Engineer: 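Here's a structure for you.
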Amino acid sequence: MKSPPSPGPAPPPTAPRESPVLLDEWSRPDFRDVYGKLAEASTRFDVAIRKVRLSGISLARTELEGPARIRLLLAEINVLTLSAEAESMAAVDDGRLRLRLIRGLLSEGVLQLRSAPLGGWDPDFSVFWRDDEGPVVIIGPHWFARPYPHRGPALASLHRGRAAARVGRRFEGLWTDAHPVEQAVRRVMEEALERVPPPPPSRSHELAGLDPTRAS
């Protein structure tokens, strides 16, 4: 069976100020690109996501180091699962570098983590803030890596104006009722980096004169 034809690129996220913008698996730029650009241009942003995998946080260093504050709200954290994933990431170059990046953001106080096991929300959402304008909100599945978990539609939407401001206020209510988990998460990452030896430099790194084990 042939796939239905693509409806073409979605309107850019700078389209009408109040009108929602649909993001799906056919959109160009896609969810990952739109999210990364919003993160990099923001002075701060807030994320409410029920479950997150460390390996699924695929934002680039420039996208994560631009904002002065990132608040990540989770519905729950399973320390055993988190520890196993951190050790798996620590065994490969890219994963080890990503662990160090996240650990650094936690140590600097840029990344703040809270858990709200008694709270709830649906769907997941992010609120991006800039000092010179109102918030921008993305609502829907926060899937950064392809292929997506299923082959059907992956629908998200981008909002501005009064709707975005309202979502921002809802995040504040959830954040206030949640409890901090930064120390526990940072400890899991530090233990994984200490317990798992770094992989040997790959041939490509040797040829380039690079050693990923020396990354700060």
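Just so we're clear, the structure is a prediction, and the values are computed from it rather than from any experiment.
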Engineer: Kindly say whether Glu172 contributes a backbone atom to a donor-acceptor pair with the side chain of Thr176 at under 3.5 angstrom?
Structural biologist: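 Confirmed, Thr176 side chain pairs with Glu172 backbone.
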Engineer: Check whether any side-chain heavy atom of Arg32 lies under 4.5 Å from a side-chain heavy atom of Leu59, and answer yes or no.
Structural biologist: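 Yes, close enough: below the 4.5 Å cut-off.
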Engineer: Would you call Arg96 and Pro199 a side-chain contact if the rule is heavy atoms closer than 4.5 Å?
Structural biologist: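 Yes, side chains in contact.
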Engineer: I'd like to know if Arg186 and Glu182 make a salt bridge, using a cut-off of under 4.0 Å between side-chain N and carboxylate O.
Structural biologist: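 Glu182 and Arg186: not salt-bridged.
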Engineer: Would you check, one step at a time, whether the test salt bridge (Lys or Arg N to Asp or Glu O under 4.0 Å) holds for Arg28 with Asp33?
Structural biologist: CA-CA 8 Å; Arg28 296 295 181 271; Asp33 292 335; over 6 Å; no
Engineer: Crowded around Arg69 CZ? As in, over 12 foreign heavy atoms under 6.0 Å?
Structural biologist: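 Counting neighbours around CZ of Arg69, more than 12 heavy atoms of other residues, nucleotides or ligands fall under 6.0 Å, so yes.
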Engineer: How long is the span from the NE2 atom in His179 to the CG atom in Leu113, to the nearest 0.5 Å?
Structural biologist: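 One finds 11.0 Å between NE2 of His179 and CG of Leu113.
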Engineer: With hydrophobic residues grouped by side-chain heavy-atom distances under 4.5 Å, do Leu97 and Val92 end up in a single group?
Structural biologist: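 Hydrophobic grouping puts Leu97 apart from Val92.
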Engineer: Could you walk me through whether Ser83 and Arg187 pass the side-chain contact (heavy atoms from CB on, under 4.5 Å) check?
Structural biologist: CA-CA 9 Å; Ser83 179; Arg187 185 163 54 249; over 6 Å; no
Engineer: So, do Val47 and Leu73 sit near enough that their side-chain heavy atoms are less than 4.5 Å apart?
Structural biologist: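 Not touching, per the 4.5 Å side-chain cut-off.
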Engineer: Where is the tightest heavy-atom contact between Pro29 and Leu23, given as atom of each residue plus distance?
Structural biologist: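 Shortest heavy-atom separation between Pro29 and Leu23 comes out as O-CD2, 4.3 Å.
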Engineer: Mind checking whether His142 and Tyr35 have ring centres under 6.0 Å apart?
Structural biologist: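 Close enough - the centres of the two rings lie under 6.0 Å apart.
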Engineer: Relative to Trp175, does Arg71 satisfy both conditions: NZ or CZ under 6.0 angstrom from the six-membered ring centre, and within 45 degrees of the ring's axis?
Structural biologist: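 Ring-cation test returns yes.
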Engineer: So, the side chain of Glu63 versus the backbone of Ala60: is there a donor-acceptor pair under 3.5 Å, distance only?
Structural biologist: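 Side chain of Glu63 to backbone of Ala60, a donor-acceptor pair under 3.5 Å: yes, one is there.
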Engineer: So, for Ala116 and Ala178, which heavy atoms are closest and what is the spacing to 0.1 Å?
Structural biologist: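 Shortest heavy-atom separation between Ala116 and Ala178 comes out as CB-CB, 3.9 Å.
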Engineer: Under a 4.0 Å N-O cut-off, is there an ion pair linking Asp131 with Arg44?
Structural biologist: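 Salt bridge between Asp131 and Arg44, a charged N being under 4.0 Å from a carboxylate O: yes.
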Engineer: Do Asp122 and Arg50 have side chains that approach each other closer than 4.5 Å (heavy atoms only, starting at C-beta)?
Structural biologist: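 Contact flag for Asp122/Arg50 side chains = yes.
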Engineer: Below 4.5 Å, heavy atoms only, C-beta onward: do Gln112 and Pro180 meet side chain to side chain?
Structural biologist: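 No - every pair of side-chain heavy atoms lies 4.5 Å or more apart.
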Engineer: Any side-chain to backbone donor/acceptor pair from His150 onto Tyr148? Under 3.5 Å, distance only.
Structural biologist: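 No; judged by distance alone, with no hydrogens or angles, the pair does not exist.
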Engineer: Within a reach of under 6.0 Å around CZ of Arg170, are more than 12 heavy atoms found that belong to other residues, nucleotides or ligands?
Structural biologist: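 Not buried by this count: 12 neighbours or fewer within 6.0 Å.
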Engineer: Considering non-hydrogen atoms only, spot the tightest contact between Ala90 and Ala192 and give its length.
Structural biologist: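 So the two residues come closest at CB-O, 3.8 Å.
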Engineer: Please check if Leu64 and Val136 belong to a single hydrophobic cluster, counting links between Ile, Leu, Val, Met, Phe, Trp and Tyr side chain heavy atoms closer than 4.5 Å.
Structural biologist: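 Yes, same cluster.
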Engineer: Taking Leu111 as the starting point, is it possible to reach Val185 by hopping between hydrophobic residues whose side chains are less than 4.5 Å apart?
Structural biologist: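 Val185 and Leu111: one cluster.
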Engineer: Can you name the nearest heavy-atom pair linking Val188 to Ala86, along with the distance?
Structural biologist: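 Of all heavy-atom pairs spanning Val188 and Ala86, the closest is CG1-CB, 4.1 Å.
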Engineer: Mind checking the CZ-CD1 spacing from Phe45 to Ile70? Nearest 0.5 Å is all I need.
Structural biologist: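 With rounding to 0.5 Å, CZ (Phe45) is 4.0 Å from CD1 (Ile70).
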Engineer: Ignoring hydrogens and geometry beyond distance, is a side-chain donor-acceptor pair present between Asp30 and Ser27 at under 3.5 Å?
Structural biologist: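 Result is no, nothing qualifies.
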Engineer: Can you tell me which residue among Trp143, Phe144, Trp26 is in a ring-ring contact (aromatic ring centres under 6.0 Å, His included) with Phe31?
Structural biologist: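 Testing Phe31 for a ring-ring contact (aromatic ring centres under 6.0 Å, His included) against Trp143, Phe144, Trp26 leaves exactly one candidate, Phe144.
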Engineer: Are Ile102 and Val79 grouped together when hydrophobic residues (ILVMFWY) are joined by side-chain heavy atoms under 4.5 angstrom apart?
Structural biologist: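 Yes: a chain of side-chain contacts under 4.5 Å links Ile102 to Val79.
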Engineer: How many angstroms lie between CG in Leu193 and CD in Glu87, if you round to the nearest 0.5 Å?
Structural biologist: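 Reported value, rounded in 0.5 Å steps: 10.0 Å.
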Engineer: Looking at Arg53 and Glu85, is any side-chain nitrogen of the basic one under 4.0 Å from a carboxylate oxygen of the acidic one?
Structural biologist: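 Yes.
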Engineer: With no hydrogens and no angle check, is any side-chain donor or acceptor of Thr43 less than 3.5 Å from a backbone partner on Trp129?
Structural biologist: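 Here the side-chain-to-backbone pair exists.
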Engineer: Once rounded to the nearest 0.5 Å, what's the spacing between atom CG of Leu106 and atom CG of Leu101?
Structural biologist: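 CG of Leu101 is found 9.5 Å from CG of Leu106.
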Engineer: When rounded to the nearest 0.5 angstrom, what is the spacing between CG in Asp124 and CD1 in Ile49?
Structural biologist: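 Reported to 0.5 Å precision, the distance equals 4.5 Å.
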Engineer: Answer yes or no: is there a side-chain heavy-atom contact under 4.5 Å between Val137 and Leu158?
Structural biologist: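 Val137 does not reach Leu158 side chain to side chain.
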Engineer: Is there a path of hydrophobic side-chain contacts, each under 4.5 Å between heavy atoms, that joins Leu74 and Leu82?
Structural biologist: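 Linked, Leu74 and Leu82 end up in one cluster.
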Engineer: Taking Arg103's backbone N and O only, do any of them form a donor-acceptor pair with Ser107's side chain (distance below 3.5 Å, no angle check)?
Structural biologist: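 Such a contact is found between Ser107 side chain and Arg103 backbone.
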Engineer: Report the distance from atom CG of Leu99 to atom CD of Glu190, rounding to the nearest 0.5 Å.
Structural biologist: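 Interatomic distance, Leu99 CG to Glu190 CD, rounded to 0.5 Å: 11.0 Å.
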Engineer: Got Val52 and Ile77 here, is their nearest side-chain heavy-atom distance under 4.5 Å?
Structural biologist: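 No - every pair of side-chain heavy atoms lies 4.5 Å or more apart.
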Engineer: For Gly95, does its backbone N or O pair with a side-chain atom of Arg100 as donor and acceptor, under 3.5 Å?
Structural biologist: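 Not at all, since once roles are kept as given, no pair shorter than 3.5 Å links the two residues.
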Engineer: Locate the shortest heavy-atom distance separating Ser115 from Ala75; write the atom from each residue and the value.
Structural biologist: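 Closest approach of Ser115 to Ala75: OG-O, 3.8 Å.
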Engineer: Test Leu54 against Met189 for side-chain contact (heavy atoms from CB on, under 4.5 Å), laying out the working first.
Structural biologist: CA-CA 10 Å; Leu54 292 174; Met189 294 183 178; 3.6 Å; yes
Engineer: Within the 4.5 Å heavy-atom criterion, are Trp121 and Phe171 side-chain neighbours or not?
Structural biologist: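 No, side chains not in contact.
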Engineer: Just by modelled atom types, is the Leu72 backbone N or O under 3.5 Å from a matching donor or acceptor in the Arg114 side chain?
Structural biologist: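 Checked: no pair found.
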Engineer: Check whether any side-chain N or O of Glu25 sits under 3.5 Å from a backbone N or O of Ala154 as a donor-acceptor pair, and report yes or no.
Structural biologist: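 Yes, Glu25 side chain to Ala154 backbone: donor-acceptor pair under 3.5 Å.
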Engineer: What pair of heavy atoms forms the shortest contact from Pro67 to Ala39, and how long is it?
Structural biologist: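 Shortest heavy-atom separation between Pro67 and Ala39 comes out as CG-O, 3.3 Å.
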